[in-house]
Amino acid sequence: MSLVEFEQLLARDKVSRQDRTWFPKWYARFEEFLRETGRTGEQVHRGVVIEFSQTLLRSGTRAAFRLQAFRAVASYHRLVRQHIIPDLADVM
């Protein structure tokens with residue numbers, strides 16, 4: 001599914017305007033991370049999302065933005081893939 005379709009699903013999910021703007025950007029960055037680490041096609045799980053967050057931390061990304069990135073990945077998987085990433089609640 002394209003990021004445009006993700007944006008449409010976000011609008012129907014009634015997320016904030018800011019999240020509708022940033023979630024597709026964060027998910028695109030997450031997909032880039034997956035490609036760079038050779039994880040395309042792999043089932044996304046807690047450890048991969050935490051590793052992504054750690055790369056954001058190392059690059060100086062503020063905590064509020066890392067949280068938004070977590071939420072974007074979780075939303076994409078819930079809305080698009082219809083898959084809940086287990087055990088992310090305690091890190092978000």
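If you're wondering where the values come from, they're calculated on a predicted model, not measured in any experiment.
Across all their heavy atoms, F6 and A72 have their closest contact at CZ-O, 3.8 Å. Listed here is the closest heavy atom pair of R29 and S59: NH2-OG, 3.9 Å.
Hydrophobic clustering keeps I50 apart from L57 (ILVMFWY residues linked when any side-chain heavy atoms are closer than 4.5 Å, directly or through intermediates).
Taking CD of E7 as the reference point, atom CD of E5 lies at 10.5 Å (rounded to 0.5 Å). In this structure, R78 CZ and D13 CG are separated by 4.5 Å, a value rounded to the nearest 0.5 Å. Considering CZ of F70 and CG of L56, their distance stands at 9.0 Å, rounded to 0.5 Å. Note that CG of L34 and OH of Y27 are 6.0 Å apart. Values are rounded to the nearest 0.5 Å.
Considering only residues two or more places apart in sequence or on other chains, Q18 meets the side chain to side chain contact (heavy atoms under 4.5 Å, CB included) condition with S16, W22, Q68. In terms of the ring-ring contact (aromatic ring centres under 6.0 Å, His included) criterion, residue partners of F33 (sequence neighbours excluded) are, by chain and number, F52.
Counting only heavy atoms from C-beta outward, the side chains of R58 and Q54 approach each other to under 4.5 Å. In this structure the side chain of L10 reaches within 4.5 angstrom of the side chain of L79, judged on heavy atoms. Between V15 and R71 the shortest side-chain heavy-atom distance does not fall below 4.5 Å. Looking only at side-chain heavy atoms (C-beta outward), V44 and Y76 stay at 4.5 Å or farther from each other.
Between the side chain of R66 and the main chain of T61, a donor-acceptor pair closer than 3.5 Å is present.
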